[in-house]
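So that the names make sense, note that chain A is the first sequence line, chain B the second, and so on, each numbered from 1. The structure presented is a predicted model; accordingly, all values stated were derived computationally and were not measured.
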Amino acid sequence: MVDLRQLEKDFDTIATSLKRRGVDEKLLEKLKILFEEKKGVQKRLEAAQAEQNQKSKLFGQYKREGKDLSELQKEVAENKARIAALNDELRTLDERLFEVAATIPNIPDADVPDGEDESDNVEIKKILEPKTFDFQPKEHWELAEANGWIDFERGVKIAKSRFSALRLTGARLERALINYMLDFNRNRGFEEVYVPFMTNAESLYGTGQLPKFADDLFKIEGEELYLIPTAEVPVTNLFRDEILDADALPYRLTAYTPCFRKEAGSAGRDTRGIIRQHQFDKVELVAITTPDQSDKLFEEMVACASDLLTSLGLPHRQVLLCAGDMGFSAAKTIDLEVWLPGQGKYREISSISNTRDFQARRAKIRYKDGKKNRLVHTLNGSSLAVGRTLIAIMENYQQADGSINIPDVLKPYL
RNA sequence: GGACAGGUGGGUGAGCUGGCUGAAACCACACCCCUGCUAAGGGUGCGUACCUUUACGGGUACCGAGGGUUCGAAUCCCUCCCUGUCCGCCA
């Protein structure tokens, strides 16, 4: 959520920044006006309330002294009606303010490049040369089927399209990867946590998935609960509505969870294989920090995920997302794209974002800075998407005969 | 799911026959004094959010959440949520 007081003060700066993300300036104008209107009504309301409090005290006093109450009673009744009216007005304004404010994305960092979509992202660096094959490398679904690792038809039968089942070494490798990633992150100082796979609406609001992106979420019927689209939601919300001890910061956390996404609007994209599934495993990194350390932690998290790929021998590149391609809550995002020889393309396997105080403001995560409570910065990033790592291993470690080698670092985990 | 008991400030915990309580007391915490270290003692401060003020300060709201009664509610009434204990059921 944007800081409304800051918006009031530096309207032009913020409007310019948000325009880079395609936010209509008129919307911001509206927000600013609503905010000012609200303040006016609030002042009048509070004045009326102060008057009421005073008169109520007098009322008690008069009564004790046996004085005539009729005049006072009339005044108080009139004032009461005024309070009720102002209260309604304030509530309406608040609702409208919330409606607008909650749908405005985060302000991009200054060093985020301009651009509208993926094509404007900026490659930072490549790590590991893609291997050359002396045969035509296959795509992962061919390899998966040939080795019996993935059962697409039965996954669809027991659920629906974009679901699949893993079998044999595929199933075991999935689990091995999860364990390997968690251990890798733990060795880098990230505390392993295990969290609920469903969360309530407040949590999803806190990290920015709601109210704007309800269509992407699976909701449990008859409950105010949703299946999580990413571990970022439960892990970051561990600290919602809390005031943290500054000395304990930063928190570095890592968690394995499955993720559930409706993939609304991506019909027809990546329909073959397991690139885009309604359910997939992910190991996530989350950091909660004081603002002065958030840049450092961002670098640390990018390095952690990138080194993890390197340790698996997977060629990849780091890409700085342009303003138009970033997620709603992010101020800055670096994606890691892994090389898939079968597709002959780099594909996203990790995404690391600094949300600055955007989520913290929504989720009310603060820390004590001397006397003052200040908003923390929150960061999140995939350690790696496990399913896509499995794909990357299949495609990069495939042999001419269609069999697949296992990266050495994973052997102890199988 | 059933029965009871509860939900108050960082913690414990009063208040709950409505106004003098945003909230006692104790603990924790911060600062000061005293004590040559340690232990102990004394004093002061210490909730959150918003509005307002150059500053000192002032105002409003909040005692799980939302409604209601009342001139006035932490205190009375209703609904919901959560926690604890026992029973049932399960992993």
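In this structure A/Lys38 satisfies the side-chain hydrogen bond (donor to acceptor under 3.5 Å, both in side chains) test together with A/Asp94, sequence neighbours excluded. Checked against side-chain hydrogen bond (donor to acceptor under 3.5 Å, both in side chains), A/Gln318 has the following partners two or more places apart in sequence or in another chain: A/Ser306. In terms of the side-chain hydrogen bond (donor to acceptor under 3.5 Å, both in side chains) criterion, A/Gln279 has no residue partners (sequence neighbours excluded). By the side-chain hydrogen bond (donor to acceptor under 3.5 Å, both in side chains) test, A/Ser311 pairs with A/Tyr180, sequence neighbours left out.
Computed from coordinates, the A/Leu244 CG to B/G10 P distance equals 13 Å when rounded to whole Å. Here the C1' atom of nucleotide B/A30 and the NZ atom of A/Lys368 are 12 Å apart, to the nearest Å. Separating the CG atom of A/Leu4 from the C1' atom of B/C51 is a distance of 15 Å, rounded to the nearest angstrom. In this structure, A/Glu71 places its CD atom 14 Å from C1' of B/C71, rounding to the nearest Å. When the P atom of B/C20 is taken as reference, atom OH of A/Tyr62 falls 18 Å away, rounded to whole Å. If you take CG of A/Asp245 and P of B/A30, they are 11 Å apart, rounded to a whole angstrom. Rounded to an integer number of Å, the gap from A/Asn373 CG to B/G47 P is 11 Å. One atom, CZ of A/Arg361, and another, P of B/C50, lie 11 Å apart when rounded to the nearest Å.
Remark: aromatic rings of A/Phe197 and A/Phe260 are distant, center separation not under 6.0 Å. Residues A/Tyr256 and A/Tyr194 keep their aromatic ring centres 6.0 Å or farther apart.
Rounded to the nearest Å, the gap between the C1' atom of B/C87 and that of B/C29 is 44 Å. A distance of about 39 Å separates the P atoms of B/C90 and B/C77, rounded to the whole Å. Rounded to the nearest Å, the gap between the P atom of B/G42 and that of B/U48 is 27 Å. Taking atom P in both B/A14 and B/G72, the straight-line distance is 30 Å, to the nearest Å. Across B/C71 and B/G18, the matching C1' atoms stand 12 Å from one another, rounded to whole Å. Atom P of B/G10 sits at a distance of 13 Å from the matching atom of B/G64, rounded to the whole Å. Taking atom C1' on both B/U38 and B/U21, the two are 41 Å apart, rounded to the nearest angstrom. For the C1' atom pair drawn from B/A23 and B/C78, the interatomic distance equals 25 Å after rounding to whole Å.
For residues 190-211 of chain A, the set of pairs meeting the salt bridge (Lys or Arg N to Asp or Glu O under 4.0 Å) definition, not counting sequence neighbours, comprises A/Arg186-A/Glu192. Screening residues 327-336 of chain A for salt bridge (Lys or Arg N to Asp or Glu O under 4.0 Å) gives A/Asp111-A/Lys332 as the qualifying pairs, with residues at least two apart or on separate chains. The salt bridge (Lys or Arg N to Asp or Glu O under 4.0 Å) contacts involving residues 145-155 of chain A comprise A/Asp151-A/Arg154, A/Asp151-A/Arg167, where partners must be two or more places apart or lie in separate chains.
Under the 3.5 Å distance criterion, with hydrogens and angles disregarded, a donor-acceptor pair is assigned to the side chains of A/Gln359 and A/Glu232.
Residue-level contact check: A/Arg91 touches the backbone only, with heavy atoms under 4.0 Å from sugar-phosphate atoms and none from bases.
Less than 4.0 Å separates RNA chain B from at least one heavy atom of each of the following residues of residues 72-85 of chain A: A/Gln73, A/Val76, A/Lys80.
Here A/Arg44 does not reach the OP1 or OP2 of B/U60: none of its side-chain N or O atoms lies under 4.0 Å away. Contact annotation: A/Lys43 reaches the phosphate of B/U52 (side-chain N/O to OP1 or OP2, under 4.0 Å).
A salt bridge is defined here as a Lys NZ or Arg NE, NH1 or NH2 lying under 4.0 Å from an Asp or Glu carboxylate O, and A/Asp270 with A/Arg347 meets this definition. With respect to A/Arg82 and A/Glu78, no salt bridge is recorded, no charged nitrogen being found less than 4.0 Å from a carboxylate O. Taking a cutoff of 4.0 Å between a charged side-chain nitrogen and a carboxylate oxygen, A/Asp216 and A/Lys262 do not qualify as a salt bridge. The pair A/Asp109-A/Arg356 meets the salt-bridge criterion, since a charged nitrogen lies less than 4.0 angstrom from a carboxylate oxygen.
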Symbol by symbol from the 5' end, with Watson-Crick or G-U pairs under 3.5 Å, [ ] crossing and | another strand, RNA chain B is ((((((((.[[[..)...(.....]]].(((((.......))))).((((((....)))))).[[[[[..)....]]]]])))))))....

Show me the side-chain donor-acceptor pairs of residues 203-215 of chain A shorter than 3.5 Å, one per line, residues at least two apart or across chains.
unit_1	atom_1	unit_2	atom_2	d
A/Ser203	OG	A/Asn200	OD1	3.0
A/Ser203	OG	A/Arg240	NH2	2.9
A/Thr207	OG1	A/Ser203	O	3.1
A/Thr207	OG1	A/Gln209	OE1	2.7
A/Lys212	NZ	A/Thr103	O	2.9

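Side chain of A/Arg366, nearest nucleotide from B/C51, B/U48, B/C71: B/U48.
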Identify all pairs in which a protein N or O lies below 3.5 Å from an N or O of nucleotides 78-83 of chain B, and state each distance.
none

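Place A/Ser56 and A/Leu45 on RNA chain B by their nearest nucleotides, and A/Ser56 ends up nearer the 5' end.
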Counting primed atoms, P, OP1 and OP2 as sugar-phosphate and everything else as base, the B/S/- map of nucleotides 54-59 of chain B against protein heavy atoms under 4.0 Å is -----B

